[in-house]
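Atoms within a ligand are numbered from 1 in the order they appear, just like the ligands themselves. Values in this document were obtained by computation on a predicted structure and should not be read as measured data.
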Amino acid sequence: MRISDSMVNSINEQIKAEYDSAYIYLAMSAYFEDAGLKGMAHWMKKQHAEEIEHAEKFINYLYERGARVVIPEIAKPKDNYANALEVFKTAYSHEQYVTSRIYNLVEQATAEKDYATISFLQWYVDEQMEEEDNTGSIVSQLEFLGDDKRGIYIVDRELASR
Ligand code: FEO
């Protein structure tokens, strides 16, 4: 069964969202480098690389379905933050936003009875659950620490091992 044009458009829009995510995390990594929080910078750099993989997985899927990929323009990300907590809160709410986008894709594929796309999207459904859990638990740790610089330094060292 051919993939519909509207499904191809929606996936192309999601490819843009994944590259935008990659850029957002790259800017967060640059913020942390500048703030001397090398572990958090490293964590965000890894996140950046994961988002590129998410985009490329969608690109390869469209190729497999014989559909046209549109390479998107990437929006300039926010690059200044008040502190580490604000960065991770932003990352957490961004992941919730991405999850809602993935769910919309699943709903569209379901409405179109596009079972191949539904099956393909299941990987992203699982991945989003993990991404929300990862960012959400760092937010909880940082909220608990407040202005405790020593605690933030310990979290920074832990995040260096990602
Ligand atoms: Fe590709 Fe973090 O969602």
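- Listed by first and then second residue, the side chain to side chain donor-acceptor pair (under 3.5 Å) pairs that reach into residues 70-80 are Lys76-Asp79, sequence neighbours excluded.
- Both Ile52 and Ile71 sit in one connected hydrophobic cluster of ILVMFWY residues. Membership requires side-chain heavy atoms under 4.5 Å apart, directly or through other members.
- For Gln122, the side-chain contact (heavy atoms from CB on, under 4.5 Å) partners are Val125, Asp126, not counting sequence neighbours.
- For the 3.5 Å distance criterion, the side chains of Glu51 and His48 fail to qualify, holding no donor opposite an acceptor.
- Under the side chain to side chain donor-acceptor pair (under 3.5 Å) criterion, the residue pairs touching residues 132-155 are Thr99-Glu132, with sequence neighbours excluded.
- Between Glu50 and Arg162 there is a salt bridge, since at least one side-chain N of the basic residue sits less than 4.0 Å from a carboxylate O of the acidic one.
- Listed by chain and number, Glu51 OE2, Glu95 OE1, Glu95 OE2, Glu131 OE1 are the protein N/O/S atoms closer than 2.8 Å to atom 2 (Fe) of ligand 1, with waters left out.
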